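Worksheet: the structure to be examined is printed underneath.
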Amino acid sequence: MAPRIVALIGGGQAAGKKSVCNAIVSRLQSWKVTDVKVLSLDNFKKAKIPNNVNPEGPDTYDFVAVASAIKSETTDVLLVEGHYTLYEETLRRLGTIRIYIDLDADTRLSRRIIRDTTQRGLSLQAVLDNYLDYGKTAMERYIQGTKPTADIVLMRGTEPSGIELIAGAIYDRLAADKAAASGDNTFNVLSDSTPAWQAPNGLSLRHNLLDSEFEVQTENYYELA
């Protein structure tokens with residue numbers, strides 16, 4: 001049985017995808033939602049990559065294996081993070097909600113420099129060379145174009161309002177599913193996490209975020225800044 005909710009979290013290198021996942025997990029756990037798992041595309045890189053392939057491009061990932069892993073999970077909530085979670089149509093179709101982190105290039109590069117020099121032992125020159133030769137090209141050619149497929153765009157990564165909206169929507173969907181399974185058509189949404197955005201009818205935007213009719217937006221998405 002596949003997960004009840006699959007959240008796909010994409011965006012550029014060092015945009016904060018893992019941090020967003022951790023923040024969502026932490027918020028859900030604060031509401032006693034513990035059946036949550038994070039799946040990283042980093043674990044699905046192909047063993048052999050041809051020399052003419054960009055090592056930071058989509059051809060370095062085994063998307064068939066990723067889709068299979070998603071379908072085989074039985075957890076209530078599965079968060080899938082990686083540069084290309086929104087790139088492959090097969091993966092997008094498996095997502096209940098699609099999130100893109102749209103951090104500016106300067107901030108991403110500075111984070112990449114700090115990460116790769118302190119955690120991966122690379123020299124500053126090596127980091128810059130990798131970015132200019134591979135990372136920048138991958139971002140402009142492949143990753144940036146996935147933004148319009150997202151349901152929600154986070155402009156500053158782990159911003160509290162965005163995390164609250166996403167985690168709250170996931171919680172409410174789980175509560176609704178549980179109520180429906182028990183034959184109870186009513187359920188209580190979170191009273192302490194209503195975000196600032198309100199629909200004209202007074203209902204929280206979050207309440208309809210994971211509605212069964214909610215589909216990928218090609219021109220309109222929620223941009224949280």
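Since we're looking at a predicted model, the values are computed, not measured.
Judged by distance alone, with hydrogens and angles left aside, the side-chain atoms of Thr85 form no donor-acceptor pair with the main-chain N or O of Glu81 at under 3.5 Å. A donor-acceptor contact shorter than 3.5 Å links the side chain of Thr75 to the backbone of Asp35.
Residues Leu103 and Ala14 approach most closely at CD2-O, 4.1 Å, considering heavy atoms. Residues Phe63 and Pro58 come closest through the heavy atom pair CE1-O, 3.3 Å. In plain terms, the two heavy atoms of Leu78 and Glu73 that are nearest each other are CD2-CG, 4.0 Å. The shortest non-hydrogen separation linking Leu154 to Gly162 is CD2-CA, 3.9 Å. The two residues Cys21 and Ile9 have their closest heavy-atom pair at SG-CD1, 3.4 Å.
Every ring pair (Phe, Tyr, Trp, His ring centres under 6.0 Å) that Tyr61 has, sequence neighbours left out, goes to Tyr84.
Between Asp102 and Lys147, the closest side-chain pair of non-hydrogen atoms falls below 4.5 Å. Counting only heavy atoms from C-beta outward, the side chains of Asn54 and Asp59 never approach each other to under 4.5 Å. Taking 4.5 Å as the limit, some side-chain heavy atom of Leu94 sits within range of a side-chain heavy atom of Lys71.
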Which pairs would a plain distance check flag for residues 128-139, meaning a side-chain donor or acceptor within less than 3.5 Å of a matching protein atom at least two apart in sequence or in another chain?
unit_1, atom_1, unit_2, atom_2, d
Asp129, OD1, Gln125, NE2, 2.9
Asn130, ND2, Ala126, O, 3.3
Lys136, NZ, Glu140, OE2, 2.7

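The only member of Lys45, Arg141, Arg112 that meets salt bridge (charged side-chain N to carboxylate O under 4.0 Å, His left out) when paired with Glu56 is Arg112.
Taking CG of Asp177 as the reference point, atom CG of Asp76 lies at 9.0 Å (rounded to 0.5 Å).
For the 3.5 Å distance criterion, the side chains of Asn22 and Ser19 fail to qualify, holding no donor opposite an acceptor.
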